[in-house]
Amino acid sequence: MRIAINEVVEAFGVLFVNLLDRDFAKSAGFEHYSESELLHIVRAFLLGWFGKVEPEIASSLPGCVSSSGRIDFRVGDVAVELAVRKYGDKHKRKLCAKENETEVKKLLRHNGPSLLVLFDFSRTHLSGEDLEEYRVLPSLGRGNWRTSAFHVAYFHRETKTDEKVYTKIMVSPAAAKRAKLAA
């Protein structure tokens, strides 16, 4: 079954909004959950939404001692990595490009569409410049690596209105190389 990245982003949007909905969450306090605590909930949600989800898919991870890693989920052909910043966490580093370098490397090496989902439950969201840092790709080490483009979907709530919003950007290795050569 062919699943588009936009469908996966839409599903994560529904999940994010409902994790913050007091009528749904009741006293669970999902905004205080870490990434590892949310992974099981996300897996169950995606299974219900799409019917089939493959968790913890083996992946190539260049520049690492073991040279292998695991992608959080695969929904159809789409590889999905999740990063979470809990409520009350004032440091942006959990969602910054430098902190998620290994996730980016796994997505770059995935042969097919891929998506990095950033859930930000804090009250201070990332700036556009913080998200643009994902366009500066990490080194994969020596060699001529085949890489694929990936998307970043950043979900957060507005500080003043408490409205749930998301931003999506596409990161293309070819465009990053052209920009680097032009500079």
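Evaluated for a side chain to side chain contact (heavy atoms under 4.5 Å, CB included) with Leu115, the options Val9, Val75, Asn6 yield exactly one hit, Val9.
When atom types are taken as modelled, the side chain of Glu81 and the backbone of Leu116 share no donor-acceptor pair closer than 3.5 angstrom. Asp77 places no side-chain N or O within 3.5 Å of a backbone atom of Gly112 that could act as its donor or acceptor partner.
Residues passing the side chain to side chain contact (heavy atoms under 4.5 Å, CB included) test with Asp130, sequence neighbours excluded: Lys92, Leu126, Ser127, Glu133. Every residue two or more places apart in sequence or in another chain that forms a salt bridge (charged side-chain N to carboxylate O under 4.0 Å, His left out) with Glu132 is listed here: Arg135. For the salt bridge (charged side-chain N to carboxylate O under 4.0 Å, His left out) test, residues two or more places apart in sequence or in another chain that qualify with Arg74 are Glu54.
Side-chain contact between His110 and Lys106 is absent, with no heavy-atom pair separated by less than 4.5 Å.
For Ala11 against Leu46, the heavy-atom pair with the smallest separation is CB-CD2, 4.5 Å. Closest heavy-atom contact between Glu7 and Arg2: OE2-O, 4.3 Å. Closest non-hydrogen pair, Leu95 versus Phe119, comes out as CD1-O, 4.0 Å. Smallest separation of non-hydrogen atoms from Leu107 and Ser114: O-OG, 3.4 Å.
Rounding to the nearest 0.5 Å places CG of Leu118 at 10.0 Å from CD of Glu35. Rounding to the nearest 0.5 angstrom, the gap separating the NE2 atom in His125 from the CZ atom in Arg157 is 11.5 Å. Leu19 contributes atom CG, which lies 8.5 Å from atom CZ of Phe45 (distance to the nearest 0.5 angstrom). Once rounded to the nearest 0.5 Å, the distance linking OH of Tyr33 with CG of Leu39 reads 13.0 Å.
When hydrophobic clusters are built by joining Ile, Leu, Val, Met, Phe, Trp and Tyr residues whose side-chain heavy atoms come closer than 4.5 Å, directly or via intermediates, Leu82 is not grouped with Ile57. Under the 4.5 Å side-chain heavy-atom criterion for Ile, Leu, Val, Met, Phe, Trp and Tyr, Val53 and Val8 are members of the same hydrophobic cluster. In the hydrophobic clustering of this structure, Phe73 does not group with Ile71; members are Ile, Leu, Val, Met, Phe, Trp, Tyr whose side-chain heavy atoms approach within less than 4.5 Å, directly or through other members.
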- request: Please report the C-alpha distance between Asn18 and Phe30 in whole Å, then the side-chain angles of each, then the deciding distance to 0.1 Å, and finally whether the side-chain contact (heavy atoms from CB on, under 4.5 Å) criterion is met.
  value: CA-CA 10 Å; Asn18 285 300; Phe30 292 120; over 6 Å; no

message: Show, in sequence, the C-alpha distance, side-chain angles and deciding distance for Val78 and Ile5, and conclude whether the side-chain contact (heavy atoms from CB on, under 4.5 Å) test is met.
response: CA-CA 7 Å; Val78 181; Ile5 286 183; 4.1 Å; yes

query: Between Phe12 and Val42, is a side-chain contact (heavy atoms from CB on, under 4.5 Å) present by the stated rule, with each step listed?
result: CA-CA 9 Å; Phe12 273 100; Val42 172; 3.6 Å; yes

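Ring-plane geometry between Phe16 and Phe121 is classed as parallel, the angle between the planes falling under 30 degrees on a 0 to 90 degree scale with a further cut at 60.
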